[in-house]
K.L.:
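Pasting a structure below so you can have a look.
As the structure lists them, so they are numbered: ligands from 1, and atoms in each ligand from 1. These figures come from a predicted structure and were not determined experimentally.
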Amino acid sequence: MAGARDPIADLRRIAFLLERANEATYRVRAFRSASKALAGLPATEVAARADNGTLTELTGVGDVTARCVAESLAGEEPVYLRRLVATEGSDLDAEATALRAALKGDCHTHSDWSDGGSPIEEMALAAVELGHEYLVLTDHSPRLTVARGLTAERLRRQLDHVAQVNAALPEGFRILTGIEVDILADGSLDQDDELLARLDVVVGSVHSGLKDERSKMTRRMLAAVANPHLDILGHVTGRMVSSRPAGVTGPGDRGHRARTRAESDFDADAVFAACAEHDTAVEINSRPERQDPPKRLIRRALEAGCRFAINTDAHAPGQLDWQRFGCERAALCGVPADSVINTWPAEQLVAWTRERP
Ligand SMILES: [Zn+2]
Ligand SMILES: [Zn+2]
């Protein structure tokens, strides 16, 4: 097998590129299932099965994925992968490219512990491949039952699990602990204080009552921003500018959410002033269907002196590369790299979340 490529890496790369290109979930799954099926077998068996054409007898391996494996083992870049690479890629302008290059991690991501589609390990490996130094894992909080929000007990178990996963990851990279905590109707946060204090990074978002009237929503957000546990205010307006992309399991995967949603109504200047005062970062959410906050509000937050976090809110590994969308929007608004907290190394980020007033 001289010159053979790693077929599992090729299958994972294809899944990643399909996901990033927002292709249908079933196509992504075909490649992930195949890579999982092969990962459990000795390389000699994979090679033997490629030789005698019995790869497709394995659960999770179909004709297309089997062909990719055979091509890999023959030392060729699979045709499927080559085509994907050739057709991908949108050019960012120089400023957006520089901003993207300055990012060292992602502060808002989900795993299959809540409504993400992939295990923590898979998310972490994709982040390593993107060149990140850290990934903040921010699964949902208990009240968001549709997204399998983590109870205090499950979150404690997740923290133990993350410690184990971290021990096995390449040096120089680590998963930081975190949460996307619901901002409840009264502005309080949906998790035990003791746990929020223990986490490296706390993102807080409004997921309910998005149509509440202006004064109520403003009070709710101001209370959350003033909470010393809250580090980042997530997808600030809650808007949906298009239907949800593929790759989101759980509530997003049922296909009946292909709706847009208006921005929630609140006093943005008051909220951003509070973010600046309490040193709470404003998230620039990169998801194509969110693009939240809209550019006019990013500019107002910048004028108010806020810090930012450019996050993907990824629910699948390929979506971790969506940061470039957030960077484009940030660059268009003139957001400087030094106001973006995830341009910092992990130590600085964690020191900041610990020291914040
Ligand atoms: Zn959210
Ligand atoms: Zn999220």
K.L.:
Quick one about Thr312 and Gln319 (side-chain donor to acceptor, distance below 3.5 Å, no hydrogens or angles considered), yes or no?
P.N.:
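No, Thr312 and Gln319 have no side-chain donor paired with an acceptor closer than 3.5 Å.
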K.L.:
How many protein N, O or S atoms are found at a distance of less than 2.8 Å from the Zn ion (ligand 1)?
P.N.:
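With waters ignored, the protein N/O/S count below 2.8 Å is 3.
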K.L.:
Under the ring pair (Phe, Tyr, Trp, His ring centres under 6.0 Å) test, which residues partner His140, sequence neighbours left out?
P.N.:
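Once residues adjacent in sequence are excluded, the partners of His140 under the ring pair (Phe, Tyr, Trp, His ring centres under 6.0 Å) criterion are His110, His207.
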K.L.:
Does Glu95, at its CD atom, have more than 12 non-hydrogen atoms belonging to other residues, nucleotides or ligands within less than 6.0 Å?
P.N.:
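For Glu95, atom CD is not crowded (no more than 12 foreign heavy atoms under 6.0 Å).
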K.L.:
As a test of reading the structure, name the N/O/S atom of His110 that is nearest the Zn ion (ligand 2).
P.N.:
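The atom in question is NE2.
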K.L.:
Tracing side-chain links under 4.5 Å among I, L, V, M, F, W and Y, which residues wind up in one group with Leu176?
P.N.:
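Once heavy-atom contacts under 4.5 Å are chained together, Leu176 belongs with Tyr134, Val136, Val201, Val203, Ile232, Ile341, Trp344, Leu349, Val350, Trp352.
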K.L.:
Ring centroids only, cut at 6.0 angstrom: are Tyr80 and Phe31 within range, meaning strictly under it?
P.N.:
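Centroid distance Tyr80-Phe31: below 6.0 Å, so yes.
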K.L.:
Once side-chain hydrogen bond (donor to acceptor under 3.5 Å, both in side chains) is applied, do any residues pair with Glu283, and if so which ones, sequence neighbours excluded?
P.N.:
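Scan of Glu283 (side-chain hydrogen bond (donor to acceptor under 3.5 Å, both in side chains), adjacent residues dropped) gives His108, Asn285, Asn311.
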